[in-house]
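Keep in mind that the numbers below use all heavy atoms, side chains included, and drop hydrogens, waters and symmetry copies.
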Amino acid sequence: MKRALMFAQIGAFVVSGLLATTSFADPPAASASGDPVEQTLETSGSDTQFEEFDSERFEAEYSRANIERYDALRSSPSPRQQVIAGQIYLEHEEDTPALVRPRRADVVARAVQLAPDDSFVQWMAASQGSYTSSQCGPSTRPQAEVANLIRLEPDNAAAWRFAVALASAIGDQDGIDDALSRMAAAPRADDHSIEQLEEWKKAYTAVPEPSTPWQQPELALSNDDRVMLAAMQRIGSTYSSAATVMLDLCKMEVDSERIWQRLGWCADAATTLASRGGSLALREQGLGILAAIGAKDATFDSMQRQYDWLVAHNANPARSYNADSAEFAAAISDWKGVTTEIEAIERHLQRIGQPLAPPPGWNPKTVPERDAATDSTQQAWMAYTRSLVDGLRASSDARQQALAISVSAIVSMASGSSESGPGNAVTATTEQSAAMQRLAAANPDNLLVQWIAATSTDLESDRSAVSTAIGQVQRLDADNGASWALSLAVDPEAADLALPQVAAGTRFDDHAGEILAIWMDAARKQPPSDDQAKAMATDMPSIATASYGLGAAMMSKASMKIDPVFAVAGVCQSKMDADSARRQTCATVARLLLNAGTSMLSVSAGERILRKLDALDERDTVRARTVAWWMNVAMPENSFDAEAMARFMDDVADSGSEIEALRLAAQRAGKSEPPQAWRSPAEKKKSPAKAVTVTPANEH
């Protein structure tokens, strides 16, 4: 990793608002670039190639292309094109009359009816169905789609997952047994990912994505290759709740008369997924199920090792942004003409002269293409981070224990230890959730423990635990708008109830400062060994001692499943009618983020929402401009001062606020107010020709 990028990553955590240009129209993971470092550079007020990138114009172009692509797909005479339209996220779909633009569910249902004998169409429709069981439940379930699919592919174990999940959702125990037994007997497992890739290639050929600075034009890729990349991003992010249902069912934590027979079926079915699955996702799920039910033996170890070998050599071009032009094009060619993802990886192995199976003595920790110096540095960072986590876990302070638990799974996977991998990752995540619940139950009045439990527990797998923790947070921190914003992530449909509570808050604090303080204190008490410090300094020779806790602190940020800022942005992102009550409430909430948010992300989101609502007044503009100036002073581009960074981090930890730390840095520099001629990035986008002059703010 280049040193400049490491610095940028540090800044991206400490000043989370550097990610301000991320589109709030989609979840964070669906950001335009997919690379927070590049987003950091773009928003830092620098003179780099990213500074002049108009993120709002790109967002508008992206939204336009998205709608145009959806309209082309749903109007296509091909049911295969129609069915993939269901995977396109449409902003404010519910506000558009169905006569103007048919709903995604209706388009998918039409494709199912038009092509009852097309297994790909039925697969795609089934994978988008709901299989969660609740008293309310969806009005319709994918019964026709699943019935068609297993009729067409009775030999596909992956298809029978949907039948298992459907029977579970409606409480049909005999149906579960029948589907499980048939899944166990099926000889193959295919998720139609390559067929899906081909359909998305057609979609992106017809309606290309808008270009961005981070598409690396120096690689000189053809239009066909760019289409391929866009399509591969689609197939790399698919998810079905059937997979979660299958895992929960096979764990069978509640004893029953069916348990032993079902365990056998689950083991056989999971073995098929893990050994014959046509994609890494299917193989990972199979290993996860086997690990969850305790079916670890020599066969499991062999399948785990084969999976690790394939992952280590998975040169997916959608993620190979650092490859040179020749390798980039060659990686794309590996995927042309194949029938499964595994076949593409095997083609890559053959091209680079590697065997299809791991050779004797191969260590999963070793990736041949990885730079040795970089690998040594990363291993040192991870070894040290693990020691910090172990120290916090052994602490008597419940807050420290909660932080250790929250990052335990991600640290294990990132370290590449022998305990990592898809099978053990599932077990680790399950154990992490259980440990967090026990700790939260034992500390009902510890705000930070409850906050960590609420934000780091997986919502899909343990919604009840998340809701319980959120209730405790709101009881203990009732004047914090961020506490109530957590409810928006759990149930966006209840926005009209939760938003007024957010608006009534006196501050918007995500507790990142308190979390950072704990990691920094741990790093001071437990510095790295001399060998670790030497290896870590390879990328950062001037690193300050206080910065050693940042690696773990960044993992705390990465472990968050719920972010209150994005929850608010997701609800308040649209431009609503002038007389809309929600519009007024959202404007109040946005001003809370702008003026009382503790992170740069909060301030940026507040400004952005106000601009979308046409509610940004002069006072708001002054506040946003002033904070942007403080950041410009505190973190000048193309410059890194370890002592200044350490001082800044101390201020964040002491005050609990990134904004206050920025203000103090600007105050120490004697530059508390922006010069009239200075233009913030937002002002440059609004008026490239000249600066917008505003009255300096007296508030801090």
Just by distance, do the side chain of [X] and the backbone of [Y] share a donor-acceptor pair under 3.5 Å?
X	Y	result
R608	A569	no
T626	V622	yes
Q401	S395	yes
D509	G597	no
S168	A165	no
S604	L601	no
N443	L439	yes

Between the side chains of [X] and [Y], is a donor N or O closer than 3.5 angstrom to an acceptor N or O?
X	Y	answer
Q87	W200	yes
N480	D477	yes
T588	T585	no
R234	Y204	yes

How long is the straight-line distance from [atom2] of [Y] back to [atom1] of [X], given to the nearest 0.5 Å?
X	Y	atom1	atom2	answer
Y70	R104	OH	CZ	7.5 Å
L73	I84	CG	CD1	5.0 Å
I88	R74	CD1	CZ	11.0 Å
D563	S599	CG	OG	8.0 Å
R141	F162	CZ	CZ	15.0 Å
R625	N632	CZ	CG	11.0 Å

Evaluation steps, side chain to side chain contact (heavy atoms under 4.5 Å, CB included), between I515 and L448: CA-CA 8 Å; I515 290 172; L448 190 61; 4.1 Å; yes
Quick check: do [X] and [Y] have side-chain heavy atoms less than 4.5 Å from each other?
X	Y	result
V568	F508	yes
K561	V466	no
W630	I659	yes
S657	V652	no

| query | Is the closest basic N to carboxylate O distance between D445 and R475 below 4.0 Å? | reply | yes
Are E660 and R663 close enough for a salt bridge, meaning some N to O gap below 4.0 Å? yes
Residue set satisfying salt bridge (charged side-chain N to carboxylate O under 4.0 Å, His left out) with R393, at least two apart, ordered chain then number -> none
Residue set satisfying side-chain hydrogen bond (donor to acceptor under 3.5 Å, both in side chains) with S487, at least two apart, ordered chain then number -> Q474
Yes or no on side chain to side chain contact (heavy atoms under 4.5 Å, CB included) for R591 and D617, after CA distance, side-chain angles and deciding distance?
-> CA-CA 10 Å; R591 289 195 173 91; D617 60 24; 3.6 Å; yes
Of all heavy-atom pairs linking A402 and M436, the shortest is O-CE, 3.4 Å
Between P500 and D496, the two heavy atoms sitting closest are CD-O, 3.2 Å
Exercise. Should Q450 and T468 be marked as a side chain to side chain contact (heavy atoms under 4.5 Å, CB included) after you check the CA-CA gap, both sets of side-chain angles, and the distance that decides it?
Worked result: CA-CA 9 Å; Q450 299 300 326; T468 298; 5.9 Å; no
- Task: Please report the C-alpha distance between E607 and R623 in whole Å, then the side-chain angles of each, then the deciding distance to 0.1 Å, and finally whether the salt bridge (charged side-chain N to carboxylate O under 4.0 Å, His left out) criterion is met.
- Result: CA-CA 9 Å; E607 178 188 10; R623 171 64 175 175; over 6 Å; no
TODO: In sequence, state the C-alpha distance, the side-chain angles, and the governing distance for T598 and E658, and then conclude on side chain to side chain contact (heavy atoms under 4.5 Å, CB included).
DONE: CA-CA 6 Å; T598 58; E658 296 171 359; over 6 Å; no
